[in-house]
Undergrad: 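The following block contains the structure, expressed as structure tokens.
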4 protein chains.
Amino acid sequence: MRIDLNSDLGESFGPWPMGQDAALMDSISSANVACGFHAGDPGTMRATIALAREKGVAVGAHPGFQDLAGFGRREIKATPQEVEDLVLYQVAALAGMASAQGVRLQHVKAHGALYNMACRDRALADAIAKAVAGIDRSLILFGLPNSELLRAGEAAGLTVAAEVFADRAYDPDGSLTSRAKPGSVIHDTPQVVERAIKMVRDRQVVAVDGSTIVLTADTICLHGDTAGAGALARELRRGLEAAGIRIAPLRG
Amino acid sequence: MRIDLNSDLGESFGPWPMGQDAALMDSISSANVACGFHAGDPGTMRATIALAREKGVAVGAHPGFQDLAGFGRREIKATPQEVEDLVLYQVAALAGMASAQGVRLQHVKAHGALYNMACRDRALADAIAKAVAGIDRSLILFGLPNSELLRAGEAAGLTVAAEVFADRAYDPDGSLTSRAKPGSVIHDTPQVVERAIKMVRDRQVVAVDGSTIVLTADTICLHGDTAGAGALARELRRGLEAAGIRIAPLRG
Amino acid sequence: MRIDLNSDLGESFGPWPMGQDAALMDSISSANVACGFHAGDPGTMRATIALAREKGVAVGAHPGFQDLAGFGRREIKATPQEVEDLVLYQVAALAGMASAQGVRLQHVKAHGALYNMACRDRALADAIAKAVAGIDRSLILFGLPNSELLRAGEAAGLTVAAEVFADRAYDPDGSLTSRAKPGSVIHDTPQVVERAIKMVRDRQVVAVDGSTIVLTADTICLHGDTAGAGALARELRRGLEAAGIRIAPLRG
Amino acid sequence: MRIDLNSDLGESFGPWPMGQDAALMDSISSANVACGFHAGDPGTMRATIALAREKGVAVGAHPGFQDLAGFGRREIKATPQEVEDLVLYQVAALAGMASAQGVRLQHVKAHGALYNMACRDRALADAIAKAVAGIDRSLILFGLPNSELLRAGEAAGLTVAAEVFADRAYDPDGSLTSRAKPGSVIHDTPQVVERAIKMVRDRQVVAVDGSTIVLTADTICLHGDTAGAGALARELRRGLEAAGIRIAPLRG
């Protein structure tokens, strides 16, 4: 049994640091690197690729809306063509910067509002899939299990990876519980570890109402911008390995 | 005898059009495409690559300082590392977008203040050359004849192209006459054509003081943002061809 | 009888010109000046204020979403607090720049997607009204007749102005016919003039289905970015004046 | 005897926090608030003004070059007109936002590269002074003692304030020792306090070569972005007060 652990990294910008990239890189297997539109200037991108390479972590692009002040978390009513273009631009930029360091991109994970919108909206999902396929047909496209984004990726001939969240509550229909609701984020480390093991081994998670949801988990997302992110990642990796689950990149 | 004709294109941004790209593409052989930092949003970049492909014009990257309001024409005291990173990012973005359309980049020409600074400053020139070589060692680096930029390109193992300006006056030392001086830009079309022919055939240009300068001309730059740019390009192409000089991309 | 004619001006940015500001300023009575977020850099703002002052045109702020590439026309899911802050910032910037030229702002008209969203959404409308009132309680707030934006302005104690469009078709419910539909923009100048006169004199407009809509018209908007904008403005002014309607700013 | 203590605050941006504003506000008397170009989005500006108001700290504008990635620390070859416009825009924005909270701006301190360039270059200094005077002739302009910036402020009829740095080494000619040199920043708190007292009481500072420099100190700058900034500010205030020097805003 094996699983990929991914985290959003390289989200510093200019003079403003963010996240605990170095700590997380010791535990994860795949890094989603910001590409300059919602975070991540060219210098940060270069340094993040270098760090991932040094730590043996697979590199993926993490393109978002061009909204630094809103960190790409605000929905922008962009057309599919605009989305295709901005994904193409950002993934190309990171792919080329990675290639200059001898690193080949493994995957693409859309960021924030772009990810959420594309999981629901097939036209935007198709736009992202088309852009990714245009750069490199072997890139793996991340998305929520059973989302339009994964369906679009498959339709475009891409390998897709279903992403789950070990520290987030799930509604009975399999969607993530809104962050606005109490209990939507799970802060108890042993519980996060237990949920992750169950997701990987049994393909199950217990929803907020106690019901059991069946889901596919190709990769588990760890938030990198919280205070204890480094420690949580370490515990999660340890717990998964103790349960006989190997942590490895998707193309490992 | 042959020569390359290049022009800066794709310099629209969002709702703001600029230049006469379609008209120029009929006459030039190489397009320097803005990469989003001084001009050129992702949609404009895609459309410009498509147009160049359709017209058989070679595509190059035209990276500049991140200064939309100043159009990349203001010198910014960036470090060599910052310059390397911003060139890497922009060239990578355009190269990937071109590749998605089946187009391989031919060259890189720095824009505006970045070009001028790198022609004089070896550390910045080395930074640009390093970035370009990191993307693709077969890319051709443009620069003023005898400039630090060309020397840096050669030192990095790149093919370089010496760029001349048929519609600009030259000082006796071979540098371009400052735009602040009267007569620095030549508006008379027959004179521009005549100078271009002399540059290519005789490797000579007459300076403002009447003296003759010897220079290498691998590519002639045509400004694309002036009113009569399309007509001037057509006349220049016609004049060069009438003189037995073939217009062709550098890798033609 | 009198009416205000307004137009969106100062929408150039850096090296990119837009619109026919000088031509329009000869016919309109109020200028909505872009404030740097969707268009309009500080230099353009200064020059536009100077031109309005010279031509005796009242100056208003035209704040929009921070989205140059999308020209503020794309909806961004911003919070009311974010909207209040961005309106406060932009109106303050223009008000201070105008004051430096001895010009006092007359009004505020939100731009593009921000205007449309605030006409429908009371929370965003309240945020805009609060920002405007915070700058200067005597500023006049523009909005569609019967919109949440006007209601919010009134609730905040502001004077409001109902804005109509002489060159746009109306649906029977009084809303503007979507630009996506044929006939949504009226290009026939005599018809535009006739509609404007009817709007001012009779407070009526004929909808696309032939029914008559009653509406309040405090100010008529003229689009400034179309080819014949200057000529249309001239004809409209002439037609209104011939019908005995005086063109004057709202605080005239 | 009295002195003003100032610090650069409000330099967070979007999701990226910076500095220890709350801690510093307990000790300083004047806050230089970033205005959106090098740091500080509208929401941060509003919150920083509110905090200063609550703590009884005078508010000033801290305008910089439009260079988020470079934090306004990179010199940009802007024209005097461009500098005037960008200062006018930023100071106006902050002044209006402050006014909406019932706060009147006390001063203007240019940021980073803009400050340094204007201290040396009279044309840029005049541009800043003109912009500041255009907003409000009672605003106090900060600059290095004996700088072009102070001379320009005086020529424009503004009150000026000579700014000194208690934690920076000085060269014998009275200029700040380059940060590139060892010992340029003084980290020993008692030494910083002692230097500050000597600057205020004796108008003297000991230069790196041991010679004594005479200087005018109207306001002392405390860096707000270093780890121990809050503690240093507290100690400095305590030390100055113990020496009989009162900390008060310039217009106290």
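Chain letters run A, B, ... following the sequence lines, proteins first, then strands; residues in each count from 1. For the numbers below, each heavy atom of this structure counts, side chains included, while hydrogens, waters and symmetry mates do not. Note that the structure is a prediction, hence the values are computed from the model and not measured.
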Undergrad: Pull out the residues in residues 64-90 of chain B that come under 4.5 Å of chain C, heavy atom to heavy atom, sorted by number.
TA: B/L68, B/A69, B/F71
Undergrad: Return the CG to OG distance between B/D21 and B/S7, rounded to the nearest 0.5 Å.
TA: 8.0 Å
Undergrad: Answer yes or no: is there an ion pair linking C/R120 with C/E148, defined by an N-O contact shorter than 4.0 Å?
TA: no
Undergrad: Any salt bridge linking B/D136 with B/R104? Criterion: basic side-chain nitrogen under 4.0 Å from a carboxylate oxygen.
TA: yes
Undergrad: Which pair of non-hydrogen atoms, one from B/S29 and one from B/D4, has the smallest distance, and what is that distance?
TA: OG-OD1, 2.6 Å
Undergrad: Charged N to carboxylate O under 4.0 angstrom, C/D167 versus C/R195?
TA: no
Undergrad: Is a donor on one side and an acceptor on the other found under 3.5 Å between the side chain of C/Y115 and the backbone of C/F142?
TA: no
Undergrad: Checking heavy atoms, do the side chain of C/P42, its backbone, both or neither come under 4.5 Å from chain B?
TA: neither
Undergrad: Mind checking salt bridge (charged side-chain N to carboxylate O under 4.0 Å, His left out) for C/R168 and listing every partner two or more places apart, or none if nothing turns up?
TA: none
Undergrad: Less than 4.5 Å to any heavy atom of chain C: does that hold for the side chain of B/T44, its backbone, both, or neither?
TA: neither
